Amino acid sequence: AVVVAVPAPAAAALLSAEAPAAAAELRAVEYASMALITLAYRRSDADAALPDGSGFLVPPVDGRTIKASTFASRKWGWIADQDPDVTVLRTSVGRYSETEVLGRADADLVDVSRHDLREAVGLTAAPVETRVTRWTDGLPQYPVGHHARVARIRAHVGELPGLAVCGALYDGVGIPACVASAYAAVDQLGGDLTAVRELTAAPVRSLHGGAGE
Ligand SMILES: Cc1cc2nc3c(=O)[nH]c(=O)nc-3n(C[C@H](O)[C@H](O)[C@H](O)COP(=O)(O)OP(=O)(O)OC[C@H]3O[C@@H](n4cnc5c(N)ncnc54)[C@H](O)[C@@H]3O)c2cc1C
């Protein structure tokens, strides 16, 4: 049995000989790139400025460059435990088809993150450490018609006994959705199509843990 759990371009290449119709559908799946900007502050500089919660999302209509910020030290205990005097924040940039911002130098991405954090939450302190991590083609996109495409991919793959697919490109990018698609793929290999049918028909309703962590 084989479970193909790789991003769409790699899955298309792997399946092109055995499942050409599935491969053609997989080649049509588009991805967005993004960059993460990690900013470490002295806790005494940052904590008072941050609102309650573990971060915020920025809708495009706000006209900011960052699309989200995670207060990593609040969200993850293991990060807070690393150093009690440090607060770690993360911002992300790069919406679908927004390539210009991803071409900017690391220092510019840090600057724009600091600017947008100042505007959003009033954080004016300078970080003591920064790091930019680029995720090229990291996020599969779900345009209108995506679920129908996933259903077609699964139908084509289902014609080959012992073959199943799973991963972020099918039912949701969040870890719970990826895990759910993996369980469904294994059930499918054992002849039980219940989970894969439920996910394909209504991926959000089928996810017990929500769409992301
Ligand atoms: C920057 C970023 C932040 C995120 N944050 C969150 C978050 O906070 N919460 C959340 O729930 N989700 C988050 N996500 C989404 C989630 O992490 C991903 O959607 C998920 O990890 C994808 O899992 P996957 O198994 O489908 O793919 P991957 O984890 O990408 O695994 C695919 C694997 O296939 C391998 N591979 C590729 N090509 C081949 C090949 N030809 N042959 C063999 N192997 C190959 C790769 O090396 C990789 O190991 C985030 C995603 C990104 C990019």
Side-chain angles (χ1 to χ4, degrees), residues 1-19 22-23 25-39 53-58 65-80 88-99 101-102 104 106 109-110 112-113 130-143 146-147 149-150 153-154 157 163-189 195-196 199-200 203-204 206-213:
V2 174
V3 176
V4 176
V6 295
L14 289 170
L15 295 176
S16 61
E18 303 296 337
E25 297 283 359
L26 286 160
R27 274 193 287 273
V29 176
E30 294 189 63
Y31 280 73
S33 299
M34 65 186 289
L36 288 185
I37 298 93
T38 305
L39 308 146
S54 59
F56 59 89
L57 298 172
V58 185
T65 303
I66 66 169
K67 57 181 191 171
S69 178
T70 302
F71 307 156
S73 294
R74 293 215 187 132
K75 187 171 181 179
W76 304 112
W78 67 267
I79 294 179
V88 179
L89 267 63
R90 192 174 86 175
T91 66
S92 57
V93 301
R95 299 178 193 275
Y96 176 61
S97 79
E98 208 178 66
T99 50
V101 68
L102 294 170
R104 296 191 201 170
D106 287 4
L109 295 181
V110 170
V112 79
S113 294
T130 63
R131 179 176 297 174
V132 175
T133 314
R134 293 164 194 274
W135 293 82
T136 304
D137 294 335
L139 292 173
Q141 298 300 296
Y142 296 166
H146 177 78
H147 294 318
R149 168 165 290 131
V150 169
I153 293 171
R154 284 188 165 132
V157 168
L163 180 66
V165 293
C166 69
L169 79 100
Y170 301 98
D171 311 299
V173 293
I175 297 293
C178 298
V179 172
S181 77
Y183 275 114
V186 172
D187 286 352
Q188 180 184 345
L189 292 178
V196 84
L199 271 179
T200 307
V204 174
S206 306
L207 294 174
H208 302 297
E213 49 70 36

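Ligands are counted one by one from 1 in listed order, and the atoms in each one are counted from 1 as well. Since this is a predicted model, take the numbers as computed values, not measurements.
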Among [options], closest by any non-hydrogen atom to [atom]:
| atom | options | result |
| --- | --- | --- |
| atom 21 (O) of ligand 1 | Leu14, Val4, Leu169, Ile175 | Ile175 |
| atom 45 (C) of ligand 1 | Val6, Leu36, Thr70, Val179 | Val6 |
| atom 31 (O) of ligand 1 | Ala5, Ala32, Gly167 | Ala5 |

Determine yes or no for a side-chain-to-main-chain donor-acceptor pair under 3.5 angstrom, with [X] supplying the side chain and [Y] the backbone.
| X | Y | answer |
| --- | --- | --- |
| Ser181 | Gly167 | yes |
| Ser92 | Ala35 | no |
| Gln141 | Leu139 | yes |
| Ser69 | Arg90 | yes |

Ligand 1 atoms in contact with [X] (distance to a heavy atom under 4.0 Å):
| X | answer |
| --- | --- |
| Pro7 | 32 (C), 34 (O), 37 (C) |
| Gly174 | 10 (C), 11 (O), 12 (N) |
| Met34 | 1 (C) |

Check: Val173 N/O within less than 3.5 Å of ligand 1 N/O: yes

Short N or O distance, Gly138 and ligand 1, threshold 3.5 Å exclusive: no

Proximity of Ala168 to ligand 1 by residue part, where a heavy atom lies under 4.0 Å: both

Candidate pair Leu36 and Val132, rule side chain to side chain contact (heavy atoms under 4.5 Å, CB included), full reasoning: CA-CA 6 Å; Leu36 288 185; Val132 175; over 6 Å; no

Audit row: Arg149, Val29, side chain to side chain contact (heavy atoms under 4.5 Å, CB included) steps and yes/no: CA-CA 9 Å; Arg149 168 165 290 131; Val29 176; 3.9 Å; yes

Salt bridge present between Asp106 and Arg134 (N-O < 4.0 angstrom): yes

